[in-house]
Amino acid sequence: MYLFATSVYPNDKSREVVDIYMKAMTKYPDDTAVSIPIVPVGVHATLEGMQVINIYEVKKGKYEEAHALARNRLAMLQTIPGYRWKIDNYLNLEEALKTIGL
């Protein structure tokens, strides 16, 4: 399974986002026993603001821990006005095939 975290925030909040993000990563560092960063940080400028993605491959049986780690980091950033985020779950090929009995 993969976790896709997507965040959007106003361009003028970039410095504030970076400062809090660094604190969030210190408080909730990557744990490779739980998930592997595939795209640790991908940044894209849009007309609505900055869009950031993070993609993690979740270790078997570690979904709840991986989701909590991502959620806790993003929750620290939601105090910034205009900051929005979501986490989506995607099945890997093996998991997807199991859903159709293969």
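Everything numeric here is computed off the predicted structure, so don't read it as measured data.
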- Any chance CD1 of I100 has more than 12 other-residue heavy atoms, nucleotides or ligands included, within less than 6.0 Å?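 Count over threshold, so yes.
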Taking all non-hydrogen atoms of both residues into account, name the closest pair between [X] and [Y] and its distance.
{"X": "L74", "Y": "A5", "value": "CD1-CB, 3.9 Å"}
{"X": "P10", "Y": "G82", "value": "CD-O, 3.6 Å"}
{"X": "M1", "Y": "N89", "value": "SD-CB, 4.1 Å"}
{"X": "N11", "Y": "T46", "value": "ND2-O, 4.4 Å"}
{"X": "I87", "Y": "A70", "value": "CD1-CB, 3.9 Å"}
{"X": "M50", "Y": "S14", "value": "CG-OG, 3.9 Å"}

From [X] atom [atom1] to [Y] atom [atom2], the distance as rounded to the nearest 0.5 Å:
{"X": "T79", "Y": "E16", "atom1": "OG1", "atom2": "CD", "result": "6.5 Å"}
{"X": "D30", "Y": "L69", "atom1": "CG", "atom2": "CG", "result": "7.0 Å"}
{"X": "M76", "Y": "N72", "atom1": "CE", "atom2": "CG", "result": "9.5 Å"}

Under a single-linkage definition using a 4.5 Å side-chain heavy-atom cutoff for Ile, Leu, Val, Met, Phe, Trp and Tyr, are [X] and [Y] assigned to the same hydrophobic cluster?
{"X": "M25", "Y": "Y28", "result": "yes"}
{"X": "L77", "Y": "I53", "result": "no"}
{"X": "V52", "Y": "F4", "result": "no"}
{"X": "V43", "Y": "V39", "result": "no"}
{"X": "M22", "Y": "I20", "result": "yes"}

- Message: Tell me whether the rings of Y63 and H67 are parallel (<30°), tilted (30 to 60°) or perpendicular (>60°).
- Response: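 Tilted, since the angle between the ring planes falls between 30° and 60°.
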- Query: Testing I38, I36, L3, T6 for side-chain contact (heavy atoms from CB on, under 4.5 Å) with I55, which one passes?
  - Reply: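 The side-chain contact (heavy atoms from CB on, under 4.5 Å) with I55 is passed solely by I38 among I38, I36, L3, T6.
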- Would you mind telling me which of Y83, W85, Y21 makes a side-chain hydrogen bond (donor to acceptor under 3.5 Å, both in side chains) with S7? Y83
- Query: Which pairs pass salt bridge (charged side-chain N to carboxylate O under 4.0 Å, His left out) with one or both residues in residues 40-61, sequence neighbours excluded?
  - Reply: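 Applying salt bridge (charged side-chain N to carboxylate O under 4.0 Å, His left out) to every pair that reaches into residues 40-61, excluding sequence neighbours, yields K60-E94.
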- Item | Close side-chain approach of N54 to V41, heavy-atom, < 4.5 Å | yes
